Amino acid sequence: MELSPRYNPTEVEEKWYQRWKEAGYFQPSMDGTRPTFCIVMPPPNVTGVLHLGHALNSTWQDILVRFHRMRQDNTLWLPGTDHAGIHTQMKVDELLRNRGQDRLSMGRQAFVQEVWQWKEQYGGHILAQMAKLGASVDWSRLRFTLDEGLSRAVTEVFVRLYEEGLLYRGNYITNWCVSCHTALSDIEVEHEEETGQLTEIAYELTSGVGEIVVATTRPETMLGDTAVAVHPDDPRYQGLVGQWVELPLLGRRIPIIADAYVDPTFGTGAVKVTPAHDPNDFEMGQRHHLDAIKVIGEDGRMTADAGVYAGLTREEARVRVLQDLQAAGRVRGMREIIHAVGHCEKCDTVIEPLLSLQWFVKMRPLAEPAIEAVRSNAVQFAPARFEKIYMNWLENIHDWCISRQIWWGHRIPAYYCDAGHVTVAREPVSQCAQCGRAVVQDEDVLDTWFSSALWPFSTLGWPDMTDDLKTFYPTSVLSTGYDIIFFWVARMIMQGIHFTGKAPFATVLLHGLVRDAEGRKMSKSLGNGVDPLEVIDRYGADALRIALVLGSAPGNDYRWSWERFEAGSHFANKVYNALRFVLMNRDDHKWDPGEINAARSHPVDQWIDERLNDTIVVMTRALEEFEFGQAARAIYDFFWDDYCDWYIEMAKVRLKSAERHEALETLTRVADRALKLLHPFMPFVTEELYHALRPDGGSIMVAPWPEPESGVVRRDAVIAVEQAQSLIRAGRNLRAEVGLAPGQAGSFVALADTPEVLARWQAVHTEAMALLRAQSLQLCLKEDAAPMTKAIASVVVGGTVYLKLEGLVDLKRERDRLEKAKADAEKERNRLASRLHDENFIRRAPHEVVTKTEENLKEVEARIRRLDERQALLQ
RNA sequence: GGGCGGAUAGCUCAGCGGUAGAGCACCUGCCUUACAAGCAGGGGGUCACAGGUUCGAACCCUGUUUCGCCCA
């Protein structure tokens, strides 16, 4: 068999994805007798480029999906993309700008067409990148949030919510981005701590007998003040409530009101009330029937109501208003303050809270069942701690502003006539449902998350009761980052329950954020991200995948570094070379997969089978519990340590003997199963090697997941090999001790304390010799042997191993070595003995622990005896 | 202000009631025909601190320090 000594992932990975796809392996079996397993992929933005966060999430999902597919479950992983309204519109805007065009002059229809064109051209990019990762998604079910079917679902949901009275349209304070020129929902605002100026401004009482001082970080909004508020119980202002003040600069008369919202301990205890530009002030305005005067417009400039300041930007206005207040002698104090300022998530512009006409969803009625679903464990979070975050948000939920003043998205199916009637309809209408007059459709589109919230069922065909919907809904797992629990997870659960009666998934699996080596979030401006495709080019998708999973735990952030990816590629190479070894030896041995349970007697074979069994158990459990790191670690350790470093090395002995056939069979059988265990993590290299191993065995993708053998007792063999390992390690240690070069064979003697130990050693005698590179390894009972003087010794479990020396033993050095070994052993003995002397321990600790401690004590005492004997001999 | 998470070997992180682990880095020796992307051997940790629970705590509880995140 001709195989390069180095694994070349590029060559291998390219061919398999296409073959899998063509063979239809990505599609569900639709076998109704098997359990179903379904994941709908969190749809990346069509504008998106794959980053490590996607890679991590996709790897997790692919591991789960491949695991379940191998278990022969009816498995579906449904892919798709999200139209990402604001983001995509901004991208195309920029594109147009570069061409010297602009959206407003070309008009809505032409613009939307432009976006579709752009989507057709670049929208598949991120999906192609996922294919490179090996994502085994069912491409025949690919969805896009603006697809006809999904759009129908969006309209249906809008209409039904409206009919149920859960939608309303009104003038409320919204988070307005003056740069994106649209309203945003609360959670699309990012609060950042900033240093601001807290200015204290004096408002003169109209009675002429004093002033009231208010504090603000936004002096320009005073132009829109319609009241001053104090706490009703604040003794400082008792007499003033009900009086009027004159608003500086504008001269408007505004009342002093009392409202419990005011915090009497903050600032002067009196606050200016600007209902049109502050959410809390808006609510106070409602309670006290105040006017809301909008002094800042949608473009971020002062309106006509701002008097002489009209036309200035809000930033300019702040400076001017402050100057004028100072000139008028109204400023009573200024100091720096750290406060949270809202910024647009998309463009980082400071958010303007603004009174505007928008559509809202009443969230309270939707939230209740969603809270209950998690409380009753119908939906479970992994890790569970994220439940709290979810609950906390839902319990304090605010209504959701869903209209967006952009063009790219689902247009709101609401129509208005001149008489002010609203018609909400599933199909476009031209006449008002109430008065028959001509109507115009709402210009706005819906928040992208409004459609994403329907994703788990809209992608499966809802509102039609399709076969897919019946089969795969509710889905099994939703895997995503903890940063979008509010944006997406909670809303999906709410909508899912409301419209289908069932929570959309059983488990919410949350991964951490991927960070750079310094622990910073990845960002374009820092340039500290890495393109997963570059990693794949350098090390292969398998290396990337295993590196993302090894040593990571659900919900914990992950720091990437080239070293981790490199380590992943080393493992891929190791796997490849182990199989290369098997394949090179197998030329003369045709392995029949049917022989899997052939009888085998050699202890080394029994031992590796037992280790493999343990690995299967651990991995299966870990995968069921979404502990990918633990599962990966189990197969990594098994493959590298047990299989490569011990089993293959020991098997080499028999490959040169008459037992060649038996060894080859175990080598092959174990490799076959180990590859299967590894396949969900490293699909490409395992498929490649699996085919080489069993050319007519079909794809590993659909091979059955290994089951542990039950009822096979191999305890003796396991102990024998473990004791041999202990002997070999000790012997190697002795070699290193005297600087015996690996090329030089050593002469070893091992003296067993009991016939049982001797028998075990004898069972693996030739293997031990080979691994020790010994020219001889005499095994006998201690009582049958003469004292070993020309040798150095090391005590092991059950006996002592000696390396014979030609010349004189360096007595001093050997005594020191033994002394140190004895000191360690005595420390250990004292520790164990004191535990066993503790009555409480004997009485309260589990029986097995006590027994084990007793055994360990016996063993360490034997070790000390051997060391004593050795020391006596060297006196 | 409320909540959550991290603090374990030089670095990055697993482990989360029964004698401290991995990868990388470091030291020593090896091209032992599967693999130098490797092999063998080795050094290195009062598991942030202080209490408590327990026969037994890195692991559970309480508090403290510190870094980070989320919400208000």
Side-chain angles (χ1 to χ4, degrees), chain A residues 1 3-7 186-187 190-191 263 280 340 383 385-389 391-393 395-396 398 482-483 485-486 512-513 515-521 539-540 543 546-547 549-553 555-585 627 629-630 632-633 636-637 640-641 644-645 648-649 652 667 728-737 739-745 770-773 827-828 831-832 834-846 848-850 852-853 856-857 860:
Chain A
M1 171 130 324
L3 284 169
S4 145
R6 279 188 178 191
Y7 175 54
D186 293 346
I187 53 179
E190 288 189 345
H191 295 274
D263 175 6
N280 295 311
R385 67 182 134 93
F386 289 104
E387 271 184 32
K388 262 193 193 169
I389 295 172
M391 288 294 196
N392 195 266
W393 188 71
E395 281 161 5
N396 299 293
H398 299 293
Y482 62 69
D483 50 335
I485 292 176
F486 310 142
L513 269 32
R515 299 172 180 279
D516 71 0
E518 276 78 50
R520 299 172 303 188
K521 268 192 198 178
Y539 298 114
I546 195 78
V549 166
L550 269 175
S552 70
N556 288 5
D557 290 352
Y558 177 93
R559 295 193 191 194
W560 75 268
S561 65
W562 288 110
E563 286 74 23
R564 293 182 94 148
F565 300 138
E566 196 183 350
S569 76
H570 289 181
F571 182 53
N573 187 57
K574 188 72 182 177
V575 172
Y576 168 83
N577 268 294
L579 267 292
R580 188 163 79 102
F581 175 80
V582 175
L583 293 165
M584 281 165 57
N585 274 286
E627 292 284 357
Q630 285 176 20
R633 173 62 53 196
Y636 183 96
D637 287 345
W640 204 312
D641 297 346
C644 292
D645 289 349
I648 288 182
E649 292 309 318
K652 282 177 180 172
L667 271 171
I728 290 161
R729 284 199 190 96
R732 282 170 171 171
N733 192 305
L734 291 175
R735 293 186 64 114
E737 194 66 41
L740 192 64
Q744 299 171 267
L771 268 62
L772 279 171
R773 303 185 159 274
K827 213 167 121 190
E828 176 74 0
R831 209 179 55 84
L832 294 172
S834 71
R835 273 223 261 174
L836 288 166
H837 279 132
D838 184 345
E839 269 182 48
N840 276 322
F841 175 71
I842 305 285
R843 207 170 56 236
R844 303 190 129 124
E848 312 87 72
V849 176
V850 177
K852 183 117 187 285
T853 309
N856 288 348
L857 180 63
V860 77

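Being a predicted model, the structure only gives us computed values, none of them experimental. Throughout, protein chains are lettered first and strands after them, A, B, ... in sequence-line order, and every chain is numbered starting at 1.
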I'd like a list of close polar pairs between nucleotides 42-44 of chain B and the protein, N/O only, cut-off under 3.5 Å.
from, atom 1, to, atom 2, distance (Å)
B:G42, OP1, A:N733, ND2, 2.9

Partner residues of [X] under the side chain to side chain contact (heavy atoms under 4.5 Å, CB included) criterion, sequence neighbours left out:
{"X": "A:R385", "answer": "A:P383, A:N556"}
{"X": "A:A578", "answer": "A:F639, A:Y643, A:C644, A:I648"}
{"X": "A:Q630", "answer": "A:R621, A:A622, A:E627"}

Test salt bridge (Lys or Arg N to Asp or Glu O under 4.0 Å) applied to [X] - qualifying residues, sequence neighbours left out:
{"X": "A:R633", "value": "A:D637"}
{"X": "A:K652", "value": "A:E649"}
{"X": "A:E387", "value": "none"}
{"X": "A:R831", "value": "A:E828"}

Return the polar atom pairs (N/O with N/O) between nucleotides 20-24 of chain B and the protein under 3.5 Å, or none.
from, atom 1, to, atom 2, distance (Å)
B:A22, O2', A:R633, NH1, 2.8
B:A22, O2', A:R633, NH2, 3.4

Next item on the list: Using side-chain hydrogen bond (donor to acceptor under 3.5 Å, both in side chains) as the criterion, list what pairs up with A:R6, not counting sequence neighbours.
Entry: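 Checked A:R6 against side-chain hydrogen bond (donor to acceptor under 3.5 Å, both in side chains); zero matches.
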Checklist line | Listed partners of A:D641 passing side-chain hydrogen bond (donor to acceptor under 3.5 Å, both in side chains), at least two apart | finding: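 In terms of side-chain hydrogen bond (donor to acceptor under 3.5 Å, both in side chains), with neighbours along the sequence ignored, A:D641 is linked to no residue.
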Note to self: Both atom distances under 3.5 Å, Watson-Crick or G-U wobble: I'd like the secondary structure of RNA chain B as a dot-bracket string, with | for pairs made across strands.
What the structure shows: ((((((((.[[[[.)..(..]]]].(((((.......))))).....[[[[[..)....]]]]]))))))).
